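Model, not experiment: these values are computed from the prediction.
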Amino acid sequence: MFLIAYILACYGLTQILVYGTIFDGIRPKQGLWGELFKCPMCVGFHVGWLFALLFSVSNLFNLQTSIIDIFILACLSSGTSYVFCTLFTDFGINFKVNKSEKE
């Protein structure tokens with residue numbers, strides 16, 4: 001149950017930071033920071049380690065995390081945030097199929 005809540009929380013914050021219109025005025029548009037904030041995989045990784053660090057001060061989950069746990073949770077957040085952001089759009093589930101040029 002913990003992993004489901006963690007994944008959904010990370011995905012939610014990643015979605016808001018990358019695509020949320022509330023941050024349009026302050027989200028960087030150019031340079032390294034601009035590239036970072038366009039990428040749900042990158043933002044998902046940083047959201048993941050931040051959430052993992054916050055476990056020690058949260059009452060929601062009582063977990064003691066090591067540096068390895070934090071890295072693994074950050075990677076989990078990165079991958080799942082990318083998949084969810086690619087799969088779910090503002091218009092519903094994305095069923096776009098890429099066809100190879102050979103066909």
_Hydrophobic cluster membership, Leu53 vs Ile67, 4.5 Å side-chain cutoff_ = no
_When you group the ILVMFWY residues by side-chain heavy-atom contacts below 4.5 Å and let the links chain together, are Met41 and Leu32 in the same group?_
no
*Are Val43 and Ile72 joined in one hydrophobic group, where the rule is that I, L, V, M, F, W and Y side chains link up if heavy atoms are under 4.5 Å apart?*
no
*Side-chain (Arg27) to main-chain (Thr21) donor-acceptor, under 3.5 angstrom*: no
*For Ser77, does its backbone N or O pair with a side-chain atom of Tyr82 as donor and acceptor, under 3.5 Å?*
no
_Residues, nucleotides or ligands: over 12 heavy atoms within 6.0 Å of Leu3 CG_ = yes
*Intermediate values then yes/no, side-chain contact (heavy atoms from CB on, under 4.5 Å), Phe23 and Leu17*: CA-CA 7 Å; Phe23 290 112; Leu17 291 174; 3.9 Å; yes
*Answer yes or no: is there a side-chain heavy-atom contact under 4.5 Å between Phe55 and Ile70?*
no
*Roughly how far apart are Phe84 CZ and Gln15 CD, rounded to 0.5 Å?*
11.0 Å
*Kindly give the heavy-atom pair with the smallest separation between Cys85 and Thr14, and that separation in Å.*
SG-CG2, 4.5 Å
*In sequence, state the C-alpha distance, the side-chain angles, and the governing distance for Thr80 and Tyr11, and then conclude on side-chain contact (heavy atoms from CB on, under 4.5 Å).*
CA-CA 7 Å; Thr80 55; Tyr11 164 67; 5.9 Å; no
_Does the plane of the ring in His46 sit parallel, tilted or perpendicular to the ring in Trp49? Use 30° and 60° as the thresholds._
perpendicular
*Evaluate the criterion side-chain contact (heavy atoms from CB on, under 4.5 Å) for residue pair Phe45 and Phe71; output intermediate values, then yes/no.*
CA-CA 9 Å; Phe45 180 84; Phe71 179 74; 4.1 Å; yes
*Apply side-chain contact (heavy atoms from CB on, under 4.5 Å) to the pair Leu73 and Phe51, showing each step before the final yes or no.*
CA-CA 9 Å; Leu73 287 170; Phe51 276 7; over 6 Å; no
*Between Phe2 and Ile68, is there a shared hydrophobic cluster once you connect ILVMFWY residues whose side-chain heavy atoms come closer than 4.5 Å?*
no
*Check Asp69 against Thr65 and note the closest heavy-atom contact, atom names and distance.*
OD2-CA, 3.7 Å
*Got more than 12 heavy atoms from elsewhere within 6.0 Å of CG, Leu87?*
yes
*For the pair Lys29 (side chain) and Asp24 (backbone), establish whether a donor and an acceptor sit closer than 3.5 Å, ignoring hydrogens and angles.*
yes
*How close do Pro40 and Ser81 get, heavy atom to heavy atom, and via which atoms?*
O-CB, 4.0 Å
